[in-house]
Number of protein chains: 2
Amino acid sequence: MVSATWHEQRHCVDKGTGVTKGLDKKATIRDVARVSGVSVGTVSRSLNAPDTVKPDTLGKVRAAIQSLGFTPDFRAQNMRRRNTMTVGFVIDDIANPWHASCFKAVDAEMREKGFSLYLVSTNGRASEEAAAIDMLQHGRADGVIMTLNNEQDARTIKRLKELKIPGVLLDRDIPLDIDAVLTEHATGLRQATNYLIELGHRRIAIITAGSDIRPGRERVRGFVEAFERAGLPVPRDLIRSQSLSADYGFREATTLLQMPERPTAIIAAGNRILVGVLRAMQQQGVSVPNDISLIACDRSDVAMLYPGPITLIDRPVEDIGRTAAQLLLERLDGKGDRAVQRIAFPTHLIMGGSCLPVRK
Amino acid sequence: MVSATWHEQRHCVDKGTGVTKGLDKKATIRDVARVSGVSVGTVSRSLNAPDTVKPDTLGKVRAAIQSLGFTPDFRAQNMRRRNTMTVGFVIDDIANPWHASCFKAVDAEMREKGFSLYLVSTNGRASEEAAAIDMLQHGRADGVIMTLNNEQDARTIKRLKELKIPGVLLDRDIPLDIDAVLTEHATGLRQATNYLIELGHRRIAIITAGSDIRPGRERVRGFVEAFERAGLPVPRDLIRSQSLSADYGFREATTLLQMPERPTAIIAAGNRILVGVLRAMQQQGVSVPNDISLIACDRSDVAMLYPGPITLIDRPVEDIGRTAAQLLLERLDGKGDRAVQRIAFPTHLIMGGSCLPVRK
DNA sequence: GATAATTATGGAAACGTTTCAATTTCATCT
DNA sequence: AGATGAAATTGAAACGTTTCCATAATTATC
């Protein structure tokens with residue numbers, strides 16, 4: 001470890017104004033008023049509604065602002081305006097590339113309107129989630145976009161019921177009057193499963209989230225439907241739906257691969273699950289697509305690269321993020337209370353090279 | 001697209017207090033004072049310094065707080081205390097898994113102390129970076145942790161010189177009195193390069209950032225040093241140092257692979273660069289490690305999985321993030337101004353299966 | 001039981017904005 | 001020129017806390 005010090009002077013902003021202030025305290029709107037010889041109210045209006053102040057006066061005020069290097073204090077604005085121009089983005093893990101992309105989309109949309117984003121990464125702990133919502137709604141944020149860990153957690157539900165600020169749910173479904181942006185997972189899974197069935201697969205496994213969150217329920221539903229519509233028995237023993245984590249993916253893939261009559265295809269329905277599944281396959285020396293077919297969910301570096309692009313169920317992250325931001329902005333602009341909206345986006349199958357017809 | 005509406009009533013919090021207020025406005029400290037029959041000051045102290053108030057009084061106050069469902073308003077606290085309990089985390093792209101991990105480490109450390117984090121993803125645009133610093137320092141955050149896009153950008157430098165809040169640089173080196181947490185990239189690259197040299201490689205390429213940021217400079221330095229120490233000529237034509245992007249990695253890898261006397265090993269020194277390099281290799285049908293050896297930088301899903309684990313130069317993200325947070329916290333606690341610190345963390349080589357001795 | 005020392009409380013003044021009613025200024029119309 | 005109304009400005013009151021200083025209540029000391 002190296003530690004060093006520069007002996008530069010911290011540069012002290014020269015206000016460059018006739019009015020010399022002893023301290024280098026930040027200039028306030030009052031200082032601007034004094035220097036420009038107008039009232040505080042006028043300075044405020046010069047800032048917030050320049051068209052309501054005489055050009056002449058405006059000039060003086062701007063000059064004073066310039067010379068004092070004045071910038072309004074956000075804290076005071078927040079206090080007085082009773083807002084924060086800040087929005088919370090609550091997820092379980094920002095290291096999940098899908099969440100990261102979604103954040104970027106939301107951020108782009110919101111920042112353009114002058115909002116900043118709090119990022120809260122809850123690590124899947126319901127207590128942190130509840131704490132985050134609490135802190136956000138008590139004057140830290142004007143709105144919140146959330147991907148909850150669990151749709152049944154009592155603490156979280158309670159907070160959502162009494163939520164004091166507008167909120168948007170991402171990929172979660174709770175019977176409360178909260179806007180939501182969803183994905184048509186069921187359709188996606190049905191298509192993907194059907195594709196495998198048409199390739200001759202019957203022993204198809206699915207690994208995905210539990211029924212405590214919508215993606216888990218819907219994906220399993222779509223999976224089951226595909227078999228039913230094809231008039232085939234559903235391979236119930238190959239449905240593993242409990243968690244989205246990489247570890248879960250690894251564990252379940254490992255046991256699946258060790259089954260006496262092992263699956264000929266696996267649907268790794270979840271970003272992190274895929275990572276676990278691939279690790280398990282490597283460990284057991286099973287290769288895609290020769291030994292087994294594989295379908296993933298959502299684009300990611302791994303999905304696009306491993307050993308070649310994996311066939312996957314894609315969905316429009318940017319659209320989803322942008323839509324969530326827009327729903328929130330509508331509420332924040334406060335133009336009349338519109339009805340609660342739930343918008344669902346379709347998925348589509350992107351063909352990679354990870355599926356082969358089942359060997360006869 | 002589906003859109004639906006629930007017609008539930010938004011549940012209105014029942015204050016459950018004797019003092020009925022017409023509106024459901026949020027209770028203030030004043031209400032608490034009134035209900036509990038003490039002064040506003042006492043309520044405040046009950047909250048912030050409970051040991052200075054008589055247990056008896058404390059009881060009454062707590063009861064009132066409970067019955068009113070009072071929570072202090074952050075905006076007012078920020079205004080009065082002149083802080084925000086918020087810290088900015090500025091990076092170019094949160095979808096870069098290294099940044100995401102680093103964020104998590106910082107977040108864990110800061111949240112424990114009661115701070116929240118603003119995440120600003122600048123998309124590599126210097127103007128957004130400058131704007132972010134501006135907004136953060138004018139009352140939106142108490143401190144800032146940054147990984148700048150460029151160490152020479154005039155706008156950014158100017159702001160850093162006059163920075164009003166404590167800051168910590170991550171992996172960037174600017175001669176100003178700002179704390180910094182660095183990585184010993186040069187040593188890491190020297191070791192990695194040397195490892196390849198010992199395997200018999202001579203035509204070794206490196207793709208990494210430009211000399212406008214420290215990692216670029218240091219990595220190239222280490223690379224060059226390895227050859228010099230081995231008494232070998234430096235393959236200047238194989239040094240590509242201009243950007244950390246995946247696209248750059250792809251472009252440079254593509255041209256490198258098409259050289260008449262193509263390199264026998266590539267060091268993809270950057271998270272995103274690796275993704276581009278692998279894409280190029282796939283496209284050209286070049287396989288690792290048989291056709292070419294490969295070394296990466298930093299753990300990532302891709303690096304750990306592609307077709308097997310890639311040999312890589314690792315560094316302790318958690319430690320780095322935690323240290324950055326701690327440096328910032330020291331300044332925020334305001335316990336005396338200590339000298340500027342620059343702490344550098346060592347790297348180490350993790351052996352994967354992506355390097356083979358050069359073919360005779 | 002009186003006085004001094006200590007500890008708790010009350011009241012009011014901040015903090016830096018925005019906003020609103022009241023006032024002043026200015027241009028226009030008769 | 002005086003009346004009228006519109007436009008621009010002022011001054012003060014919020015917003016909900018914290019943090020003083022002064023006072024009141026309690027405890028300790030003799």
Side-chain angles (χ1 to χ4, degrees), chain A residues 21 23 25-62 64-65 68-86 114 135 137-140 142 164, chain B residues 21 23-62 64-65 68-86 114 135 137-140 142 164 334:
Chain A
K21 309 183 61 187
L23 285 62
K25 281 198 60 180
K26 197 170 170 303
T28 89
I29 206 173
R30 223 161 235 113
D31 299 320
V32 176
R34 194 162 28 73
V35 171
S36 55
V38 303
S39 79
V40 178
T42 303
V43 177
S44 178
R45 283 186 5 268
S46 306
L47 260 45
N48 302 311
D51 39 322
T52 72
V53 31
K54 204 162 55 170
D56 187 15
T57 322
L58 194 56
K60 284 190 295 183
V61 172
R62 292 222 163 121
I65 288 178
L68 288 168
F70 166 83
T71 38
D73 185 308
F74 280 116
R75 287 174 294 237
Q77 289 186 324
N78 295 343
M79 167 82 205
R80 179 59 226 219
R81 292 176 170 164
R82 331 211 47 58
N83 74 4
T84 59
M85 292 308 275
T86 292
M135 98 156 341
Q137 69 177 324
H138 293 311
R140 266 231 166 27
D142 300 341
K164 294 188 183 57
Chain B
K21 310 182 62 188
L23 284 63
D24 66 343
K25 280 199 62 183
K26 197 171 168 304
T28 86
I29 206 173
R30 219 161 239 110
D31 299 321
V32 177
R34 194 164 28 74
V35 170
S36 54
V38 304
S39 78
V40 179
T42 302
V43 177
S44 178
R45 283 182 6 264
S46 305
L47 260 46
N48 302 308
D51 39 321
T52 73
V53 34
K54 206 164 55 170
D56 186 16
T57 321
L58 194 57
K60 284 189 294 181
V61 172
R62 293 224 163 118
I65 288 178
L68 288 168
F70 166 84
T71 38
D73 185 307
F74 280 117
R75 288 174 293 237
Q77 289 186 324
N78 295 343
M79 166 83 203
R80 177 61 224 219
R81 293 177 168 162
R82 330 209 46 58
N83 73 2
T84 59
M85 293 308 273
T86 291
M135 99 154 341
Q137 68 177 322
H138 292 310
R140 264 216 151 59
D142 299 342
K164 293 189 184 53

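Chain letters run A, B, ... following the sequence lines, proteins first and then strands; every chain starts at 1.
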Inset, instruction - Begin with the C-alpha distance, continue with both residues' side-chain angles, and end with the deciding distance and a verdict on side chain to side chain contact (heavy atoms under 4.5 Å, CB included) for B/Arg82 and A/Asp73. - result: CA-CA 10 Å; B/Arg82 330 209 46 58; A/Asp73 185 308; 3.7 Å; yes
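- What separates CD1 of A/Ile29 from P of D/dT10 is a distance of 13 Å, to the nearest Å.
- Nucleotide D/dG16 holds its P atom 10 Å from the CZ atom of B/Phe70, rounded to whole Å.
- Within 4.0 Å of B/Phe74, counting heavy atoms only, lies no atom of the nucleic acid at all.
- Between the C1' atom of C/dC15 and the CG atom of A/Asn78 lies a distance of 13 Å, rounded to the nearest Å.
- Atoms CD and CZ, on A/Gln77 and A/Arg80 in that order, are 12.0 Å from each other to the nearest 0.5 Å.
- Only A/Val40, A/Gly41, A/Ser44, A/Asn48, listed by number, bring a heavy atom of residues 39-60 of chain A to less than 4.0 angstrom from any atom of DNA chain C.
- Rounded to whole Å, atom P of D/dT17 lies 15 Å from atom CG of B/Asn83.
- A donor and an acceptor atom sit less than 3.5 Å apart, one in the side chain of B/Arg80 and one in the base of D/dT18.
- Nucleic acid contact class of A/Arg30 (heavy atoms, under 4.0 Å, all strands): base.
- The C1' atoms of five pairs define one axis at each end of the helix from C/dG1-D/dC30 to C/dT30-D/dA1, and these two axes lie 40° apart (to 10°).
- For A/Gln77 and C/dT18, the shortest distance from a side-chain N or O to OP1 or OP2 is below 4.0 Å.
- Taking atom CZ of A/Arg34 as the reference point, atom P of D/dT10 lies 15 Å away to the nearest angstrom.
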Side chains of residues 52-60 of chain B: which donor-acceptor partners sit under 3.5 Å, not counting sequence neighbours?
from    : atom 1 : to      : atom 2 : distance (Å)
B/Thr52 : OG1    : B/Arg45 : NE     : 3.4
B/Thr52 : OG1    : B/Ala49 : O      : 2.9

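- Taking every heavy atom of both residues into account, A/Ser39 and A/Ala33 meet most closely at C-CB, 3.9 Å.
- Taking 4.0 angstrom as the limit, A/Arg82 places a side-chain polar atom (N or O) nearer than this to OP1 or OP2 of D/dG16.
- The shortest heavy-atom contact between A/Val35 and A/Ala64 is CG1-CB, 3.8 Å.
- At whole-Å resolution of the value, CG in A/Asp73 and P in C/dA14 are 18 Å apart.
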Inset, instruction - With side chain to side chain contact (heavy atoms under 4.5 Å, CB included) as the test, would you mind laying out the steps for B/Thr86 and A/Thr86 before giving the verdict? - result: CA-CA 12 Å; B/Thr86 291; A/Thr86 292; over 6 Å; no
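- When each of B/Thr42, B/Val38, B/Val40, B/Val61 is tested with B/Val32 by the rule side-chain contact (heavy atoms from CB on, under 4.5 Å), just one qualifies, namely B/Val61.
- In this structure a side-chain-to-backbone donor-acceptor pair under 3.5 Å is missing from B/Arg140 to B/Gln137.
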Inset, instruction - Would you please test B/Asn78 and B/Met85 for side chain to side chain contact (heavy atoms under 4.5 Å, CB included) and show each step? - result: CA-CA 8 Å; B/Asn78 295 343; B/Met85 293 308 273; 5.6 Å; no
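- A straight line from NE2 of A/His138 to P of D/dT17 spans 12 Å, rounded to a whole angstrom.
- In this structure, B/Arg81 places its CZ atom 16 Å from P of C/dG16, rounding to the nearest Å.
- Closest to the side chain of B/Ala76, from the set D/dG16, C/dG16, D/dT18, is D/dG16.
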